[in-house]
Q: 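Just passing along the structure, written as structure tokens.
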Amino acid sequence: MRRRDFLHLTVCGAAAGSTLFLPRFTRAAVDASATGQGRFDVVIAGGGLGGVAAALSALRSGLKVLMTEETDWIGGQLTQQGVPPDEHEWIESYGSTRWYRELRRDIREYYRRYYPLTEEARARWNLNPGSGGVSRLCHEPRVCLAVLESWLAPFIATRRLSLLLEHQVVAADIEHDQVRGVTVRSLRSGAKREVEAAYFIDATELGDLLPLTKTEFVTGCEGRAATGERHMPEKADPANQQAFTVCFAMDYVPDSDNTIEKPKEYNFWRDYVPPLTPPWSGKLLDLGSSHPHHLKPRRFAFDPTGATKSDQPNLWRYRRIASKDNFQIGTYAGDITLVNWPQNDYLLGNLIGVSDDDRLAHIARAKQLSLSLLYWLQTEAPRSDGKTGWRELRLRGDVLGTEDGLAKYPYIREARRIQAVTTIVEQDCGVEARALAIGQAESDVIAKAYPDSVGIGSYRIDLHPTTTGDNYIDFASLPFQIPLGSLVPVRVENLIPACKNIGTTHVTNGGYRLHPVEWNIGESAGLLIAFAKSRNTTPRAVHASVELRSAFQERLRAQGVEIQWPKGPF
């Protein structure tokens, strides 16, 4: 074994406080566990939040699972993409599955067990290691990775789970409306293997299994005439997709010079003005942007020292994942912040609907944008003291497990979406549209109640600028439900989506794409397959039958999946 770092493991079903210590599994060890495993109950493509949640719910239901992951880290948004959780205001008490709350609890407990916290920070029940503004739990990606790996470890050890890191599904064997098997390829060696299963789950970040399996899907913007949504752009355009972002981490080390080499595309990005309608606030590399709510220009504060007081939002604190004040003196040289800002949203092209060469070229240019943003911050960013640049900013690739200093995988906001039995539209959950649809005052309205609900979530409809020139689309939404019909394709029988590829629209995807909702979708997808197999039926039949659907919802509740919001204040 190449590494001997150890993980804390709370054993499922063991008495409270029972712990084991297991070695971190490496790619070679995990690959070996998949050899000679035969037919699986379910194959999951993608080891992001939805994929891991689907795997865990299927495994805990007694199924045999194979899961692939393109990178060498599971965890998706929270780990390989480096994005602290975007969550609603009630997340500490309601509005997620029990296991998502357990994940948040174990992340905090990992810090309490292994990190030299101050006594004050250790005593906080709602510990926020980074004291970031975007979330009540801004934390380092490696901590979430350690927790998720510890949850999967016993299933790998008992050969119930075969986890293929740095692997990708590249082909599928289809017969009529069924997927019979897939071909999986190692991204290191190029070796391929064929895998058969009863069910398949697409938990990839881009919905890559959908075209391979000929599952009907949509991309980009459907157009207002097709959905009737008030905020949908008028013209249908499959290429009208939200920007993606290559995130990075940086810290601030006083009295140091960490200026990186000037990026090769720096001059381009320094002068780049996003060609958006309504217009952007100015240059992309600037301490300003369009305000998402009303699109007027807004300014940000930026001061990694904390000395400048300002009423403007401080970018340094927004996604800060380690605040040195929460740790004993000397633990950190300075705070660490995660950069996922308007300034490094990439607008020059998409990752779906393009050739492989174009996709790789766009990722490379997005990396240049992020490095250019860092270089601009180090050398040209205006300061309140009249100086320019913060050479003390240091790129922290070690935080994200990479040599180039950037996240392992782009942060994806919009993927291919299945054509589903139920498509969630703005009229179901947008405050203004829902009020108009049912003729009630906005103050009294609630989101559409789906009789087939398999989970809940809440977030503003938040669409970032798009590659075809739309500025932000951002408006208030209502605490919503996840309908089972949005997980059931219109035709294919044994493939289920497990993340942002469910039956939403270009607009409603903006509220259903965030961390706790993706986890809920994945967990319910795994439980749906387990339930269908236990009843010798299909997901489509579960959706169509009131009796089966009710029984499945009871199973969800028993597993701690909340399927409706309580009345009144939460």
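On a predicted model such as this, the values are computed, not experimentally measured, just so you know. Side chains included, hydrogens not; waters and symmetry mates left out as well; all remaining heavy atoms used.
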Q: Side chains of Ile502 and Ile424, heavy atoms from C-beta outward: is any pair under 4.5 Å?
A: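 Result yes, sub-4.5 Å side-chain heavy-atom pair found.
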
Q: Under the rule for side-chain hydrogen bond (donor to acceptor under 3.5 Å, both in side chains), what residues qualify as partners of Thr213, not counting sequence neighbours?
A: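 With sequence neighbours excluded, Thr213 shows a side-chain hydrogen bond (donor to acceptor under 3.5 Å, both in side chains) to Thr215, given in chain and number order.
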
Q: Decide, yes or no, whether a salt bridge links Glu414 with Lys500 under the criterion of side-chain N to carboxylate O below 4.0 Å.
A: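 No salt bridge links Glu414 with Lys500.
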
Q: Are any non-hydrogen side-chain atoms of Ile74 and Leu145 less than 4.5 angstrom apart?
A: yes

Q: Between Arg434 and Glu426, is the closest basic N to carboxylate O distance under 4.0 Å?
A: no

Q: Can we say Arg417 and Glu222 salt-bridge, meaning some charged N sits less than 4.0 Å from an Asp/Glu carboxylate O?
A: yes

Q: Are Arg230 and Glu432 close enough for a salt bridge, meaning some N to O gap below 4.0 Å?
A: yes

Q: Counting only heavy atoms from other residues, nucleotides and ligands, does the tally under 6.0 Å from CD1 of Ile446 exceed 12?
A: no

Q: Mind checking what makes ring-ring contact (aromatic ring centres under 6.0 Å, His included) contact with Phe200, not counting sequence neighbours?
A: none

Q: A side-chain contact here means heavy atoms from C-beta on lying under 4.5 Å apart; do Val488 and Val542 qualify?
A: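 They are not in contact (no side-chain heavy atoms under 4.5 Å apart), so the answer is no.
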
Q: Just checking Glu92: does its CD atom have more than 12 heavy atoms from other residues, nucleotides or ligands closer to it than 6.0 angstrom?
A: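 Atom CD in Glu92 is packed in, count exceeds 12.
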
Q: Regarding Glu87 and Arg104, does a basic nitrogen lie under 4.0 Å from an acidic carboxylate oxygen?
A: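 Judged by the 4.0 Å cut-off on N to carboxylate O distance, Glu87 and Arg104 do form a salt bridge.
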
Q: I'd like to know whether CG of Asn536 has more than 12 heavy-atom contacts from other residues, nucleotides or ligands below 6.0 angstrom.
A: no

Q: Please report the shortest heavy-atom distance between Val170 and Arg185, naming the atom on each side.
A: CG1-NE, 3.7 Å

Q: Evaluate the criterion ring-ring contact (aromatic ring centres under 6.0 Å, His included) for residue pair His231 and Phe475; output intermediate values, then yes/no.
A: CA-CA 9 Å; His231 289 88; Phe475 57 93; 3.8 Å; yes

Q: At their closest point, which heavy atom of Ala203 faces which heavy atom of Gly46, and how far apart are they?
A: CB-O, 3.6 Å

Q: So, for Trp99 and Trp151, is the gap between ring centers shorter than 6.0 Å?
A: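 Ring-ring flag for Trp99/Trp151: true, centres closer than 6.0 Å.
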
